[in-house]
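Notes follow the structure.
Every number for a ligand or one of its atoms is a count from 1 in the order of the listing. We number each residue from 1, following the sequence as shown.
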Amino acid sequence: MKVIITGGAGFIGGNFVNYMLEKYRQYEIICIDALTYAGNLETLEEALADPNFKFFKADISDRSSIYNIFEEEKPDIVVNFAAESHVDRSIEAPELFLKTNLMGTQVLLDVCRKYGIQRYHQVSTDEVYGDLPLDRKDLFFTEDTPIHTSSPYSASKAGADLLVQAYHRTYGLPATISRCSNNYGPYHFPEKLIPLMIVNALHDKPLSVYGKGENVRDWLYVEDHCSAIDLIIHHGRIGEVYNIGGHNERTNLQVVKTILRELNKTEKLITYVTDRAGHDLRYAIDPTKMHDELGWFPKTSFDEGIKKTINWYLENEKWWTNIISGAYKEYYQKMYQNR
Ligand code: NAD
Ligand code: DAU
């Protein structure tokens, strides 16, 4: 079995590459990644030494490069993680989000049609459902919740989901979609809340909380996301959407205070800053379909996962200091200049 994983040099894609290489020793795993600011080959250091792994530096919206790779590799399964993923960046500069998240997905769908695949899987997000009110704890996103986006990021991801569904219905493309809640864990780029707060706390820098810190996110340890996608690509029903989440809702302030407590740092580091424009209030996933159809349950609670994550950042300082200094960008040059 040959599996193409796009965006595999990023946070979740990188964890998924490592997960698949470890679990399926008989599979060939191929990563396509453009190595944007968020892509980091240091995340794939072990994978790059594995004979079952191959890496292509390519942009999913570059049709000819992607067609050439498929012509050469003829994969069985494609899992698309590649995306511009940061909401704040999408508010500053939406265009790239449409190019990568929407047009890039279209290129992948076209190439999958041309070469034929057993499964195309689109890694989507719970943000396509918009948000839930803070005072209605009884409400959750189900797969039937209407699409109702807030940011250019979520609009671009929703557009991609609709395209995937259109390609399934119109052309019979064997596709599935998963919509996951907020992930955290190893290799998370330090622009997102949890890694940024860990790194800032370690440097005794201010921890900038947007608004009052009351917004709620539903946190899932990244390995649990990987195991859910594994089940969907092997056993999920074609044409279906699956919501992934583990009922780990926390306000942003609770998350930040937990990190400070674990690191033995003062809450005086917390600084309240201007709120994010259009800031979604609450995300909360109903994962019943994943439980009932695929027998998936998350293994890691938030209390356990946040400790594991903080320890990972403490033990892997070089990974994130290279990002902060910009040194990680030299890695590709070093690894590939003579290949
Ligand atoms: P990330 O930003 O850490 O990684 C994205 C990866 O995609 C990077 O390696 C980057 O180089 C690559 N990439 C970007 N543009 C590309 C292009 N045009 N061609 C090829 N590669 C490109 O993102 P992440 O947090 O790992 O998210 C991965 C996927 O999961 C995204 O599709 C995101 O929408 C989705 N998702 C993320 C979360 C989360 O909490 N992080 C939750 C649910 C869904
Ligand atoms: O729900 C899934 C989504 O989760 C994914 O689709 C996105 O790719 C991913 O980035 C994430 O989006 P969020 O906007 O929820 O994540 P972020 O880490 O940027 O922010 C989490 C919350 O913390 C959010 O309410 C904004 C707030 N925040 C964020 C940062 C970076 C702060 O208060 N301060 C900060 O400095």
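Hydrophobic cluster membership differs between V164 and Y153, with clusters built from Ile, Leu, Val, Met, Phe, Trp and Tyr side chains linked at under 4.5 angstrom.
Nearest protein neighbour of atom 42 (C) of ligand 1, counting heavy atoms only, is S181 O, 3.4 Å. Looking only at heavy atoms of the protein, atom 19 (N) of ligand 1 is closest to I60 N, 2.9 Å. Residue, atom and distance of the protein heavy atom nearest to atom 10 (C) of ligand 1 are T36 OG1, 3.3 Å. Among all protein heavy atoms, the one lying closest to atom 30 (O) of ligand 1 is V123 CG1, 3.5 Å. Of the protein's heavy atoms, A83 O, 3.5 Å lies nearest to atom 5 (C) of ligand 1. Taking atom 23 (O) of ligand 1 as the reference point, the nearest protein heavy-atom neighbour is S85 OG, 3.2 Å. For atom 8 (C) of ligand 1, the nearest protein heavy atom (residue, atom name, distance) is D33 OD2, 3.6 Å. Ranking the protein heavy atoms by distance from atom 3 (O) of ligand 1 puts F11 N, 3.1 Å first. Of the protein's non-hydrogen atoms, E127 OE2, 3.0 Å is the one closest to atom 3 (C) of ligand 2. Closest protein heavy atom to atom 5 (C) of ligand 2: Y153 OH, 3.5 Å. Atom 23 (O) of ligand 2 has its closest protein heavy atom at N252 ND2, 3.3 Å.
At a 4.0 Å heavy-atom cut-off, ligand 1 touches K157 through the side chain alone.
Taking the six-membered ring where the residue is Trp, the centroids of H203 and W320 are separated by under 6.0 Å. Ring-centre distance between Y37 and F189: below the 6.0 Å cut-off. The ring of F140 has its center closer than 6.0 angstrom to the ring center of H247.
The closest side-chain donor-acceptor pair between R179 and Y129 falls under 3.5 angstrom. With no hydrogens or angles considered, a side-chain donor-acceptor pair links Y120 and N80 at under 3.5 Å. Judged purely by distance below 3.5 Å, without hydrogens or angles, the side chains of D286 and T142 never pair a donor atom with an acceptor atom.
Comment: D76 does not engage R119 in a salt bridge, judged by the lack of any side-chain N to carboxylate O separation of less than 4.0 angstrom.
Contact analysis puts M197 in contact with ligand 2, with a non-hydrogen atom separation below 4.0 angstrom. Within the 4.0 Å heavy-atom shell around ligand 1 one does not find G14. A heavy-atom separation below 4.0 Å is not found between G8 and ligand 1.
Selection from A82, A9, S156 by nearest heavy atom to atom 22 (C) of ligand 1 gives A82. With Y153, F81, Y283, Y184 as candidates, the residue nearest to atom 31 (C) of ligand 1 on a non-hydrogen basis is F81. Taking only non-hydrogen atoms, the option from G245, S124, S154, A38 nearest to atom 44 (C) of ligand 1 is S124. Between atom 1 (O) of ligand 2 and the options N200, D126, I194, V128, the minimum heavy-atom separation is to D126. Of the candidates R217, H279, E84, R276, R217 brings a heavy atom nearest to atom 15 (O) of ligand 2. Atom 37 (C) of ligand 1 has its nearest heavy-atom neighbour, among I12, T125, I244, T6, in I12.
Between atom NE2 of residue H291 and atom CG of residue N243 there is a gap of 11.0 Å, rounded to the nearest 0.5 Å. Rounding to the nearest 0.5 Å places CD1 of I12 at 8.0 Å from CG of N15. The structure places CG of D224 at 9.0 Å from SG of C180, a figure rounded to the nearest 0.5 Å.
The contact set between ligand 1 and N182, taken as ligand atoms under 4.0 Å from a residue heavy atom, comprises 40 (O). Annotation for ligand 1: atoms under 4.0 Å from non-hydrogen atoms of L35 are 11 (O). Counting atoms of ligand 2 from 1 in the listed order, those under 4.0 Å from a heavy atom of K192 are 10 (O), 18 (O). The distance from ligand 1 to the heavy atoms of D59 drops below 4.0 Å at these ligand atoms: 17 (C), 18 (N), 19 (N). Here is the list of ligand 1 atoms found below 4.0 Å of a heavy atom in A58: 19 (N), 20 (C).
Across all their heavy atoms, K212 and L253 have their closest contact at O-CD2, 4.1 Å.
In terms of N/O distances under 3.5 Å, ligand 2 is not approached by N215. For S61, no nitrogen or oxygen atom sits less than 3.5 Å from a nitrogen or oxygen atom of ligand 1, counting backbone and side chain alike. Polar contact check, T125 against ligand 2: a nitrogen or oxygen pair lies under 3.5 Å apart. Between H188 and ligand 1, no pair of N/O atoms sits closer than 3.5 Å. Among the atoms of D88, none of the N or O lies under 3.5 angstrom from an N or O of ligand 2. On a distance-only criterion, E191 and ligand 2 share no N/O pair closer than 3.5 Å. Polar contact with ligand 2: present for Y210 (N/O pair, distance under 3.5 Å).
In this structure, K308 places its NZ atom where more than 12 heavy-atom neighbours from other residues, nucleotides or ligands lie under 6.0 Å away.
Between the side chain of R25 and the backbone N or O of L21, at least one donor-acceptor pair lies under 3.5 Å.
Exactly one residue among F16, F11, W312 makes a ring-ring contact (aromatic ring centres under 6.0 Å, His included) with Y187. That residue is W312.
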**Q.** Chi angles and distances behind the ring-ring contact (aromatic ring centres under 6.0 Å, His included) call for W296, H234
**A.** CA-CA 13 Å; W296 174 85; H234 290 103; over 10 Å; no
